Amino acid sequence: QVQLVESGGGLVQAGGSLRLSCVASGKFFRIDTMGWYRQTPGKQREMVAEITSGGNTNYQDSVKGRFTISRDNAKNTVYLEMNSLKAEDTAVYYCKTTALRFNLQYTYWGQGTQVTVSS
């Protein structure tokens, strides 16, 4: 199986920055797309940013120009650089990874890391 461990969450003031990291570990798999999702109480989990194995990125409109997703394939790590943070960015952020085994797709989630932006 694949295990995902997130880090980098915390409490920051509006306008500040945070850098989230997610490390995937495990064997007998090939990692494909990696991404970051977030969820607040009473809301559906939403995609924030994702990056394919080839480096193509996709962002939620509300974070375009402020967040940057990147990955280091050698380290099986995905990052989310968050700048100009707003109070509405407050949420639990989850790392998501899709992996391929014998051409079958599997989805894995991290445990989540809290990001709180104060006004």
Side-chain angles (χ1 to χ4, degrees):
Q1 64 179 19
V2 174
Q3 296 180 348
L4 305 178
V5 179
E6 303 107 328
S7 62
L11 173 64
V12 298
Q13 292 184 329
S17 299
L18 283 175
R19 181 181 174 88
L20 305 182
S21 299
C22 172
V23 180
S25 63
K27 294 185 177 181
F28 311 112
F29 68 92
R30 292 189 294 128
I31 293 177
D32 190 18
T33 300
M34 304 183 78
W36 291 95
Y37 289 67
R38 65 187 181 187
Q39 187 170 22
T40 57
K43 299 289 186 179
Q44 298 276 37
R45 191 171 298 183
E46 62 182 10
M47 188 273 291
V48 177
E50 60 183 12
I51 182 168
T52 69
S53 60
N56 294 319
T57 59
N58 186 35
Y59 295 93
Q60 182 189 105
D61 287 343
S62 66
V63 307
K64 288 181 179 177
R66 300 189 298 119
F67 292 7
T68 301
I69 188 170
S70 61
R71 65 191 290 169
D72 186 333
N73 291 330
K75 297 180 179 180
N76 290 328
T77 301
V78 62
Y79 306 93
L80 185 67
E81 183 74 33
M82 303 185 293
N83 299 312
S84 301
L85 283 162
K86 305 174 181 179
E88 50 263 43
D89 294 319
T90 296
V92 177
Y93 284 70
Y94 297 89
C95 179
K96 178 186 177 183
T97 295
T98 58
L100 298 175
R101 292 184 179 89
F102 307 109
N103 212 34
L104 295 176
Q105 183 173 296
Y106 297 82
T107 300
Y108 301 92
W109 293 93
Q111 78 285 350
T113 184
Q114 177 70 47
V115 172
T116 302
V117 184
S118 63
S119 300

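Computed from a predicted model, the values in this text were never measured in an experiment.
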Point-to-point distance, once rounded to the nearest 0.5 Å, from [atom1] of [X] to [atom2] of [Y]:
X	Y	atom1	atom2	value
Leu20	Tyr94	CG	OH	13.0 Å
Lys86	Ser119	NZ	OG	12.0 Å
Met34	Asn73	CE	CG	8.5 Å
Thr97	Leu4	OG1	CG	4.0 Å
Ser53	Ile31	OG	CD1	10.5 Å
Thr116	Leu85	OG1	CG	10.5 Å

**Q.** Sequence neighbours excluded - salt bridge (Lys or Arg N to Asp or Glu O under 4.0 Å) pairs with any residue from residues 66-84
**A.** Arg19-Glu81, Arg66-Asp89
What's the shortest heavy-atom distance between [X] and [Y], and which atoms?
X	Y	value
Ser21	Tyr79	OG-CD2, 3.3 Å
Val115	Gly9	CG2-CA, 4.2 Å
Asn83	Ser17	OD1-OG, 2.8 Å
Tyr108	Ala99	CE1-CB, 4.0 Å

[X] side chain vs [Y] backbone, donor-acceptor pair below 3.5 Å:
X	Y	value
Tyr37	Trp109	no
Thr33	Thr98	no
Gln39	Val92	no
Gln111	Val5	no
Glu6	Gly112	yes

[X] vs [Y] side-chain heavy atoms within contact, under 4.5 Å:
X	Y	value
Thr90	Gln114	yes
Tyr59	Thr68	yes
Met47	Asn58	yes
Thr107	Lys96	yes
Val2	Tyr106	no

